[in-house]
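Heads up, the thing below is written out as structure tokens.
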Amino acid sequence: MSEDLATTIRLDAEVDLVSFAADDGVLLVRDGVGLAGRGVAARIEIPASERPAMAQIVGEALAAMRGPQELAGPGTGPVAFSAMPFDPQAAISFVVPRTVVGCGADGRRWRTTIGDSTAVLDPVAATVPSTRPSRFTVASIDPVDAWLDAVRSARDELRSGRARKVVLARAIEVIADAPLRQQDLLARLRRSYGSCLLYAVDGYVGASPELLVARSGDVVRAQPMAGTRPRSGDPAEDARLAAGLLASAKDREEHQITIDAVIDALLGSCSYLDAEPEPSVVAMANVAHLASVVEGRLSLPAASVLDLVVALHPTPAVGGDPRDVALAMISEHEPRPRGTYAGPVGWVDADGNGELAVGIRGAALDGERAEVWAGVGVVADSDPAAELAETEAKLSAILSALVRP
């Protein structure tokens, strides 16, 4: 690990975080507010056995790198990014970028550099491949019929009382005739899904609609989502679909399960916590979700955002309820590990501030190949054909951005 110290300076110029992240950087941004980094000053590895102490380990490592700062606040100083595995028992890797640029909601802009502050990375200098993909193949990694059978089997288990809900996901593989570029994918996602949390960490790139948790000082915020309908593009039809989503007993139950779990997970760390009394419909370009904002104040000393991640992940929106039973069912019914799909993705600073999205609507890029996942919440009255259609609607967001010459 580098012994160099971080220097934070104020920036006056506008910053395009997506452009700064380029093809080899890290990113978490929504509507122009967030952080982007380039270079690697350090890696912080958290073995599976050390996950309960993750916040302390990462906090101490970042604090040791802190140097002079022209301004303070969440996201300033050294910052660590991670795309965590979905498996809550797996090891986690954090990357500490050598250079980070940030844009705050209050209009402040800054740059933090670890080590030589004159060696600031320039995204323009990033190597651009001479050839971009022009041909693609897209296919389910596992047979669709087998996935439908898994949904039926899980539904029968839920009807017998084994659990209230389980999320089952399926994987799609994209093969291109040239390397798939992070910056191209981010630029396309920003055009269509700019109000989502755009993320890129260690080759996992996407646009998540769902905030797992954010901590700024003693303020904590989450926006869990559960319950989905496809959108048609016709305003009248979309209004009808949104009304149907709000009126759906199945989707409202699925959403309430998630809200209750998020409140239960956060309450022990908070002096005050509240949720919106009724969910709202959040419309994306391709689908609409039921969403509720949960916000409160942390008890002092305030828990690190990473402690809150440990308490929250996986929420019923991506795992199920009860958690342990749902995770066992996922292991039984899904033929392969999810990797980073539906895991927390985002950043944390030395003071425990941070922001992490739920790592959905993303692609794991590996040269000419990408792996894309989508999941659905299975409950006792789920229809397998409808659940399959929901995965197709969710997959369209990332596939339409990937499979484009």
CH2 of W110 to CG of L71, rounded to nearest 0.5 Å, is 7.0 Å
Any chance the rings of F94 and F81 have centres within less than 6.0 Å? no
Residues V220, L308; criterion side chain to side chain contact (heavy atoms under 4.5 Å, CB included); working and verdict: CA-CA 9 Å; V220 61; L308 303 176; 3.7 Å; yes
Could you walk me through whether V174 and V403 satisfy the side chain to side chain contact (heavy atoms under 4.5 Å, CB included) test, starting with their C-alpha distance in whole Å, then the side-chain angles of each, then the deciding distance to 0.1 Å, before giving a yes or no? CA-CA 8 Å; V174 177; V403 184; 4.1 Å; yes
Would you say L198 and R30 make side-chain contact, with heavy atoms under 4.5 Å? no
Honestly, is R338 close enough over F86, meaning NZ or CZ under 6.0 Å from the six-membered ring centre and within 45° of the axis? yes
Give a yes or no on whether the backbone of P88 and the side-chain of R51 come within a donor-acceptor separation of less than 3.5 Å. yes
If we count only N and O atoms by modelled type, under 3.5 Å, do the side chains of S93 and R43 hold a donor and an acceptor together? yes
Salt bridge between R164 and D321, side-chain N to carboxylate O under 4.0 Å? yes
Atom CG in L306, atom CE in M84: separation rounded to 0.5 Å? 5.0 Å
Would you sort out whether D16 and R190 count as a salt bridge (Lys or Arg N to Asp or Glu O under 4.0 Å), showing the intermediate values? CA-CA 12 Å; D16 184 328; R190 176 165 59 176; 3.0 Å; yes
G39 backbone acceptor or donor facing R98 side chain under 3.5 Å: no
Between the CD1 atom in I57 and the CG atom in L62, the distance rounded to the nearest 0.5 Å is 12.0 Å
Cut-off 3.5 Å, side chains only: do S134 and D177 have a donor facing an acceptor? yes
Would you check if the side chain of S248 reaches a backbone N or O of D251 as a donor-acceptor pair within less than 3.5 Å? yes
Is it true that R109 and E70 make a salt bridge, defined as a side-chain N closer than 4.0 Å to a carboxylate O? no
Pick from E392, E371, E390: which one makes a salt bridge (Lys or Arg N to Asp or Glu O under 4.0 Å) with R170? E392
Which atom names give the shortest non-hydrogen contact between Q182 and D24, and what distance separates them? NE2-N, 4.1 Å
Do V318 and T315 come close enough that some side-chain heavy atom pair is under 4.5 Å? yes
Verify, without hydrogens or angle tests, whether S396 (side chain) and A393 (backbone) share a donor-acceptor contact under 3.5 angstrom. yes
Considering only heavy atoms from C-beta outward, does the side chain of V79 approach that of V96 to under 4.5 Å? no
Do T391 and K394 have side-chain heavy atoms sitting under 4.5 Å apart? no
May I ask you to decide if G115's main-chain N or O and D4's side chain share a donor-acceptor pair within less than 3.5 Å? no
Interatomic distance, R155 atom CZ to L158 atom CG [nearest 0.5 angstrom]: 9.5 Å
Just do the side chain to side chain contact (heavy atoms under 4.5 Å, CB included) check on T7 and I9 with the steps written out, would you? CA-CA 7 Å; T7 302; I9 63 170; 4.3 Å; yes
Criterion side chain to side chain contact (heavy atoms under 4.5 Å, CB included) on V294 and Q223, from CA distance to verdict: CA-CA 6 Å; V294 177; Q223 190 182 29; over 6 Å; no
Could you check whether D351 pairs with R66 (Lys NZ or Arg NE/NH1/NH2 to Asp/Glu carboxylate O, under 4.0 Å)? yes
For the student: nearest non-hydrogen atoms of W147 and P384, plus distance: CZ3-O, 4.5 Å
From L197, V358, V282, residue fulfilling side chain to side chain contact (heavy atoms under 4.5 Å, CB included) relative to E210: V358
Heavy-atom pair of closest approach, residues P97 and I114: O-CD1, 3.6 Å
Check whether R252 reaches the backbone of L246 with its side chain - one donor and one acceptor, N or O, closer than 3.5 Å. yes
Decide yes or no for S304 and V309: does some side-chain heavy atom of the first lie under 4.5 Å from some side-chain heavy atom of the second? no
If we ignore angles and hydrogens, is there a donor and acceptor under 3.5 Å between the side chains of E276 and S292? no
Can you name the nearest heavy-atom pair linking A178 to P133, along with the distance? O-CG, 3.4 Å
Closest approach of L35 and G102, non-hydrogen atoms and distance? CD2-CA, 3.5 Å
Using modelled atom types and a 3.5 Å cut-off, is there a donor and acceptor pairing between side-chain atoms of Y204 and backbone atoms of S82? no
Please tell me whether E157 and H333 have a donor and an acceptor in their side chains that are separated by less than 3.5 angstrom. yes
When every non-hydrogen atom of A363 is compared with those of A370, the smallest separation belongs to CB-CB, 4.4 Å
Does the side chain of R221 come within less than 4.5 Å of L211's, by heavy atoms? yes
Would you call V348 and N353 a side-chain contact if the rule is heavy atoms closer than 4.5 Å? no
D349 (side chain) donor-acceptor with G352 (main chain) under 3.5 angstrom: yes
Sub-4.5 Å side-chain heavy-atom contact between V166 and L327: no
Salt bridge between K250 and E387, side-chain N to carboxylate O under 4.0 Å? yes
What distance do I172 atom CD1 and I141 atom CD1 have between them, rounded to the nearest 0.5 Å? 7.5 Å
Please check: side-chain N/O of Y341 versus main-chain N/O of G375, any donor-acceptor pairing under 3.5 Å? yes
Could you grab the distance from atom CG of L5 to atom CD of Q69, nearest 0.5 Å is fine? 11.0 Å
